[in-house]
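Data first, discussion second: the structure below is written as structure tokens.
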Amino acid sequence: MITRRLLALAATPVLAVLLAGASQGDGGTPGAAGAGDPYFPQSGDGGYHVVHYGLTLAYTPATRLLEGSAQLTSTATQDLSSFDLDLSGLTVSAVTVDGKPAAVRRTGVKLQVTPADWLPKGRTFHTTVEYRGVPVSITDPDNAADGWIAQPDGSVFVAGEPQGAMTWFPSNNHPLDKSAYDITVTVPDGWTAVGNGRLLSQRSSGGRSTFSWHQARPMAAYLATAAIGRFQVAQTWTAAGLPVYNAVDPREAKAAAPVLAQLPDVIAWESSLFGAYPFDAAGAIVEHVPTVDYALETQSRPIYNVAPDIDTLVHETAHQWFGDSVSLESWRDIWLNEGFATYTEWLWDADHGGPGTAQRFAQYAALPAGDDVWAFPPGDPGDGAHLFATPPYARGAMVLEQLRRAVGDPVFFGILKSWAAEHRYGHGDTAGFVALCETRSGKDLDGLFATWLYGQGKPAQPGAPAPGGATPTVRHHA
Ligand code: TRP
Ligand code: ZN
């Protein structure tokens, strides 16, 4: 016990490591500070799994003050003497583990928690973190802002990919760790707070409104949201009975309406291609945030910086299967998210009077060797600064078009469905995808992936026609 107290108070990381070593055998060792991602080595902690987050938040738009209480139900995946949560900024006033005060040490964005009693492997334990402060968004390696992004008018755009979840709640901040969530947010009357999943309740008292959201299916921390605005809200149901909750900034309402009206059709169309929609709620959060230039596939309810066009709606909805239900094990595999969502745009356009996928492919293939699309191989962005550059999107989609030509439509669409089904609510990696493609097609596809996914620069014959010269068309396979 004394050893662990000392550990918590250890002044330097070196001392902490030495003391942790000393405690080995009787009280576990610290969870690795970082889930092991080469692009974001600090993110997450490999020593425990969060089963459920209960986030109870209050936000005051006028002062930007966020007051939070996080209750994490976790399982130790090793004997644990201490573990890390990721939290950027904000003031922590109290941390308990299983009801007892825990020692806390903060270094950068790591919040090291040393429980009074060590946690044996397999133990389920409860952590509470009381915190408050004015959240500050993260500047990603690519200079984009993410996390809790407050606007001058008091509204908040909350989008955590890849790192920003830690700007508003303590988490095991890596997509390897997926959890159920309850997100309850209290805001002044007149404001609406929108989270993921189903709205369980909405109450008002004493001039404040409380919104309780429940996400039952496993969700990566970066996909959590608690967007705040003076939204126009519409609650409807799709023909299949799926609840749809749309929250739209009034300034974007006119532009958003015709696009959001298509969401049920987009969900039905994508379900016919990829299998049943993975979540029990849907919808959109449409804000008016000119300083952010991206949308995010926040689970079950994407968040848009402005009214989306139909391609963006199709893209973020496709991520519900590819990215949200089937999650990355490593950020290096970002093409499994972005290439698939981009190819879904191509499929939608092909099926709705636009150019065919072969034509889209040819347009990119015609770009000169110096174009951004060839800047790096989509399967190997190199670092966290290039996740959202052109190659994982457009050239990632080109990989799928090449795959489709190589294996034919029935096998190709069967692969997409199997990928979504076999890894539903879990994870997938590129090696697993390649293996599935080879098994289903009975073909050696190493050359195709070596050229299109991993080859440096523009491939030699990017415009090579499909076998037999046929122009692929979209087919739905039930
Ligand atoms: N994943 C988002 C999409 O393609 C894009 C995105 C999320 C992004 N976070 C970002 C782009 C940060 C640039 C910077 O729908
Ligand atoms: Zn995307």
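First listed ligand is number 1; within each ligand, the first listed atom is number 1.
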Counting heavy atoms only, which of F388, Y304, Y393 comes nearest to atom 12 (C) of ligand 1? F388
Picking from S171, P175, P162, S43, what satisfies side-chain contact (heavy atoms from CB on, under 4.5 Å) with Y222? P175
Check: R301 side chain, G195 main-chain N or O, donor-acceptor pair, under 3.5 Å: yes
Sequence neighbours excluded, every pair satisfying side-chain hydrogen bond (donor to acceptor under 3.5 Å, both in side chains) that has a member inside residues 240-249: D249-R251
Is the contact between A159 and ligand 1 made by the side chain, the backbone, both, or neither, using heavy atoms and a 4.0 Å cut-off? neither
Just need the protein heavy atom nearest to atom 7 (C) of ligand 1, so name the residue and atom and give the distance. E161 OE1, 2.9 Å
Can you name the residues that form a ring pair (Phe, Tyr, Trp, His ring centres under 6.0 Å) with H315, not counting sequence neighbours? H319, Y393
Among all protein heavy atoms in this structure, tell me which lies nearest to atom 15 (O) of ligand 1, with the distance rounded to 0.1 Å. E316 OE2, 2.6 Å
From CA spacing to verdict: side chain to side chain contact (heavy atoms under 4.5 Å, CB included), L55, W213: CA-CA 10 Å; L55 306 178; W213 297 91; over 6 Å; no
Do side-chain atoms of T77 reach the backbone of Y48 as a donor and acceptor pair under 3.5 angstrom? yes
Hey, is D146 one of the residues with a heavy atom under 4.0 angstrom from ligand 1? no
With a cut-off of 2.8 Å, which protein N/O/S atoms are close to the Zn ion (ligand 2), if we only count those under it? H315 NE2, H319 NE2, E338 OE1
So which bit of D142 gets within less than 4.0 Å of ligand 1, heavy atoms only: side chain, backbone, both or neither? side chain
Output a table of donor-acceptor pairs, distance under 3.5 Å, between side-chain atoms of residues 140-151 and any protein atom two or more places apart or on a different chain; print 'none' if there are none.
residue : atom : partner : partner atom : Å
D142    : OD1  : A144    : N            : 3.0
D146    : OD1  : G164    : N            : 2.6
Q151    : NE2  : I149    : O            : 3.4

